[in-house]
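These notes concern the structure reproduced below.
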Amino acid sequence: MRDIRPNRRTAAIGSAGALVAATLMAGAVTAPTASATSSRAGQDRETRGAAIAAERAAEAGIDWQDCPADWGLEKPIQCGWVTVPLDYANPDGKQIKLAVDRIGNTGTRQERQGALVYNPGGPGGSGLRFPRRVTTKAPVWANVAKAYDFVGFDPRGVGKSAPISCVDPQAFVKAPKADPVPDSEAHKLAQRTLARKYAEGCLERSGEMLPHMTTPNTVRDLDVIRAALGEKKLNFLGVSYGTYIAAVYGTLYPGHVRRMIADSVVNPSREKIWYQANLDQDVAFEVRWRDWQDWVAANDATFHLGTTRAAVQAKWLQLRATAKKSPLGGVVGPAELISFFQSAPYYDSAWVSVATVFSKYVAGDTQALIDAAAPDLTDTAGNATAENGNAVYTAVECADAKWPTNWKKWDRDNTRLHKNHPFMTWANAWMNLPCATWPVKQQTPVDVKTHKGLPPVLIVQSERDAATPYQGAVELHRRFAGSRLITEKNAGSHGVTSLVNSCVNTRVDAYLLTGKLDTKDVTCAPHATPKP
């Protein structure tokens with residue numbers, strides 16, 4: 001799940017991988033099947049290929065230069081490239097280049113502890129803006145910046161790194177889209193057709209990349225970046241889907257980890273990746289949507305949207321019905337409304353702005369909502385970024401795990417969930433439905449677990465996170481021995497480490513600067529509730 005604001009699209013979560021081990025039972029070796037032997041041989045080739053690529057990267061290093069002007073990264077941030085194989089089973093085959101950037105530590109040479117590499121989530125999010133936390137002097141990161149170079153990168157397929165595409169960007173943002181909530185079997189059939197055509201478009205436009213758009217390959221890329229940076233061990237901060245990258249990296253490369261933080265955690269269980277995880281997300285979004293409505297009702301003196309959650313919900317349903325009957329400004333229908341309003345359950349930093357726009361609409365200012373929710377068809381670069389992000393999200397989730405192919409299961413599960421969790425359920429279903437007809441082989445997720453050499457990992461999670469439900473943090477904590485879990489109680493913002501909460505901030509600093517963790521898990525009070 002991305003730790004970035006949704007860009008005019010319905011959001012969902014993360015990705016998986018492939019690792020199979022031989023099984024010993026009652027002292028006897030179970031004979032592997034031919035397919036298992038072939039799978040294991042392929043993994044061995046990928047492991048060797050990744051080691052070769054890392055060795056080459058360590059020798060080549062990174063030729064750091066001033067960033068291209070159109071990247072929007074000011075000096076002293078520097079940019080460069082790291083070369084990786086498209087297919088790690090064939091390290092001498094086609095190569096792709098990954099965009100990376102960095103800013104040096106702000107402290108002395110003696111204070112420097114290496115590079116801190118960052119992934120914001122997605123799949124499909126760019127990490128290149130991470131060094132700007134230093135240039136913009138983000139106070140939460142000031143202490144850590146003294147000790148670490150801040151390093152960001154575009155994962156394979158994203159942004160500057162061999163970007164993939166599934167549809168024309170202008171067609172992707174065209175509005176209004178169909179109401180996500182189906183009202184007939186014909187409506188469902190039309191959405192199923194769109195999902196199948198989207199999957200076919202991915203193959204047509206990005207077919208060479210698709211089989212290799214997996215989380216394990218992104219993890220291998222991350223290890224090559226580590227080597228290119230000249231780092232013997234990795235310091236990594238992963239947020240949202242970035243926590244799944246952390247989980248798989250910690251499993252595949254336990255001895256390469258120095259410090260690792262997983263913030264807002266994707267549930268790494270094989271049973272959750274990815275179909276069930278998205279269903280769990282629908283439930284969590286409804287919970288946080290109601291939290292926002294309660295807050296709006298408590299601040300009725302400012303917003304005038306009703307003094308109870310039920311009153312606020314009634315106005316939301318009235319707005320949806322109006323937009324369905326006649327899209328606002330001809331471009332904002334129910335789908336566009338969900339894309340805009342979902343930022344409130346995602347991040348409470350959006351509570352005020354979303355409530356303000358809603359309040360203006362109810363008071364008669366329709367244009368404010370149109371301006372906030374309608375796509376900007378003139379923003380060519382932004383629309384290309386949005387389409388690319390959606391393509392990567394789909395490609396990684398669909399390739400990383402096996403998805404149900406029977407429409408009856410999708411229909412049954414989402415119809416059931418929608419009854420009590422209507423805010424996101426069908427929108428999320430349609431976004432993920434291309435995975436039911438995905439045109440390349442779907443993998444088996446990595447069995448995330450502790451292996452020898454993995455140091456203690458710090459896990460940070462808000463209790464009421466919508467995008468990555470709390471149980472994911474509990475599951476990763478259970479699987480990574482020696483890890484510590486910081487819970488932000490009665491809070492629900494997605495991405496906790498960048499919020500101002502001294503209970504969290506001091507512990508993140510202590511871990512990254514000294515490696516020290518509390519002797520037991522910690523529960524923190526919530527960060528400050530937004531004020532109108």
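As the structure is a prediction and not an experimental result, all values here were calculated from the model.
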### Message
Between N390 and Y198, is there a side-chain donor-acceptor contact under 3.5 Å, judged purely by atom types and distance?
### Response
yes

### Task
Answer yes when R226 and D223 have at least one side-chain N-carboxylate O distance shorter than 4.0 Å, and no when they do not.
yes

### Query
Between Y346 and Q342, do the side chains contain an N or O donor and an N or O acceptor separated by less than 3.5 Å?
no

### Query
Which heavy-atom pair separates P176 from G330 by the least distance, and what is that distance?
CD-O, 3.2 Å

### Query
Is the closest side-chain heavy-atom distance between R102 and L229 below 4.5 Å?
no

### Task
Identify whether the distance between the nearest side-chain nitrogen and carboxylate oxygen of R56 and E59 falls below 4.0 Å.
no

### Query
If only atom types and distance count, is the side chain of T425 paired as donor or acceptor with the main-chain N or O of P422 below 3.5 Å?
no

### Message
Between the side chains of R45 and D87, is the shortest nitrogen-to-carboxylate-oxygen separation below 4.0 Å, so that they form an ion pair?
### Response
no

### Task
Give a yes or no on whether the backbone of Q442 and the side-chain of D400 come within a donor-acceptor separation of less than 3.5 Å.
no

### Message
Is there a side-chain contact between R220 and V84 in this structure, where contact means two heavy atoms from C-beta onward sitting under 4.5 Å apart?
### Response
no

### Sub-4.5 Å side-chain heavy-atom contact between Q461 and V496
no

### Message
Looking at every heavy atom in both L377 and Q170, which two are closest together, and how far apart are they?
### Response
O-NE2, 3.0 Å

### Message
If I take atom CG from residue L237 and atom OG1 from residue T243, how far apart are they, to the nearest 0.5 angstrom?
### Response
10.5 Å

### Query
Would you call R478 and E475 a salt bridge, using N to O less than 4.0 angstrom?
yes

#### Entry: Short side-chain donor-acceptor distance under 3.5 Å, N428 and Q281
yes

### Query
Shortest non-hydrogen contact from D282 to N414?
OD2-OD1, 4.2 Å

### Message
Check whether D154 reaches the backbone of A99 with its side chain - one donor and one acceptor, N or O, closer than 3.5 Å.
### Response
no

### Message
Give me the atom names and distance for the closest heavy-atom approach of H494 to D465.
### Response
ND1-OD2, 2.9 Å

### Pair S165-R205, side-chain donor/acceptor within less than 3.5 Å
yes

### Query
Do D280 and Q471 come within less than 4.5 Å of each other through their side chains, counting heavy atoms only?
no

### Message
Check the orientation of Y118 and F130. Use parallel for under 30°, tilted for 30 to 60°, and perpendicular for over 60°.
### Response
parallel

### Query
Counting only N and O atoms by type, is there a donor-acceptor contact under 3.5 Å from the side chain of Q191 to the main-chain atoms of K188?
no

### Query
Hey, does K160 have a side-chain heavy atom less than 4.5 Å from the side chain of L128?
yes

### Message
Quiz question: by atom type and distance under 3.5 Å, do the side chains of N383 and E387 form a donor-acceptor pair?
### Response
no

### Minimum heavy-atom distance between N267 and I273, given as atom pair plus value
O-CD1, 3.2 Å

### Message
Give me the atom names and distance for the closest heavy-atom approach of A178 to H187.
### Response
CB-NE2, 4.4 Å

